[in-house]
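Okay, structure first, notes after.
For the single chain, residues carry numbers from 1 onward in sequence order. Model, not experiment: these values are computed from the prediction. Numbering of ligands and ligand atoms starts at 1, following listing order.
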Amino acid sequence: MTEKPIVIKTPAEMILDSRAARARGERVGLVPTMGALHQGHISLLDYTRQHCDRLVVSIFVNPIQFNKKDDLEKYPRTWEQDTARCAEAGADVIYAPDAAVMYPAGFQTKVAVGAMAQGLCGAFRPGHFDGVTTVVLKLFNAVRPHLAVFGQKDYQQLKVIQRMCQDLDLEVEVVGCPTVREPDGLALSSRNVHLSPSERRQSLCLYKALSRARALAQAGEREAAALIAAARREIESSPLARLEYLEVVDAETLEPVSRLERPARMCLAAWLGDTRLIDNMGLD
Ligand code: PAF
C-alpha cells in the first residue's frame, strides 16, 4: 500500500519539517508544481525520488505569474487526483500553502532576473518571470532543498531559475529533466486539456516544426534563419495554429543566435484557439 504524503500548509511548518530531515542527514528534494499533475510531472518526481531521501512536492497555483485573470481562473485544479499521484510516486510531503499565506497583506517584494527573462515568453507575458522567480525563491526558503527539479519543457523558466540561483548564491542544485511527450510528439502540458479534438490534431505541427529544424541542423544547416523558415512553414501548414514566437537561442544565455556555433535551442510559443502552448528542442 502507498503511504499518504503529509500536507503542510505554512512556511513555518515546512521549515521545521525540512530542518528535521536535514538533521537526520537526509537529502531533501523539491519538485515545484502548480498541480494538475501529468506524466511529465511524474517523471520529475521519479527523478527526485531516486536522488533524494525526502521528496517534497509543492502544489501552488501562483497568482502573481499569471498576467491574465482568465488564464489564472481556468488553470486546472485537480487536488484529489494530484495527492493520489504524489502518493503513488512516493512523495513524503505536499507543500500547499494558500495564496493568502504565500502573499499575506503587505507583501511587496519581488525577485527579477534581467535580460534572460525579457525575451521569448518574457516578451509576451510581462511580469511572468518575476512571479515565477519570486515564488520559487519563497519555495526554496521554506523547503530548503538540496535538489530542485524542473521540466525542460519550460526551458526559459529553467534557465532563469538557474541564473537566479547563481546570482543570489543559493545553495541548491537545479536540474532540468527532459520533456515528456504524447506518443505522437505533443509535449505534455496541463493546458492540453483545453484543446478541442481538431486543435489537438493540429497542435502536432509544433513538434513537427522542431523536429524538422533539428533534422536540418543535424544534416549540417548552420543558418538559424533557414531553420526558422523551415519550422515556420511546418506551423503555417496548420491553419488552427497561430505562432507567437519562434527563435533559435543560445542554450545557456538564451540570446538569439544567427549561426549554430555553440549548443542552441529552438523555442516557440503558439496559440491553438484560446490555448497557448510552448515547446523547445536542442538543435545539436
Ligand atoms: O512550472 C510551473 O509549474 C511553475 O511555473 C512553478 C515553477 C511551479 C512556479 O509557480
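Among all non-hydrogen protein atoms, the one lying nearest atom 3 (O) of ligand 1 is M34 CG, 3.6 Å.
The number of heavy atoms from other shown groups lying within 6.0 Å of CZ (R77) is above 12.
With hydrogens and angles disregarded, no donor-acceptor distance shorter than 3.5 Å links the side chain of R191 to the backbone of L277.
Less than 4.0 angstrom separates some heavy atom of V135 from each of these atoms of ligand 1: 9 (C), 10 (O). If you number the atoms of ligand 1 from 1 as listed, the ones under 4.0 Å from a heavy atom of Q157 come out as 1 (O), 2 (C), 4 (C), 5 (O), 7 (C). For ligand 1, the atoms closer than 4.0 angstrom to any heavy atom of P32 are 8 (C).
Residue-to-ligand polar distances keep T33 apart from ligand 1: every N/O pair is separated by 3.5 Å or more.
Atom 10 (O) of ligand 1 has its nearest heavy-atom neighbour, among H128, Q65, K138, K153, in Q65.
A salt bridge links D167 with R163: at least one charged nitrogen is closer than 4.0 Å to a carboxylate oxygen. Under the 4.0 Å criterion applied to side-chain N and carboxylate O atoms, R49 and D92 are assigned as salt-bridge partners.
Of all non-hydrogen atoms in H41 and A36, the two that sit nearest each other are CE1-O, 3.7 Å.
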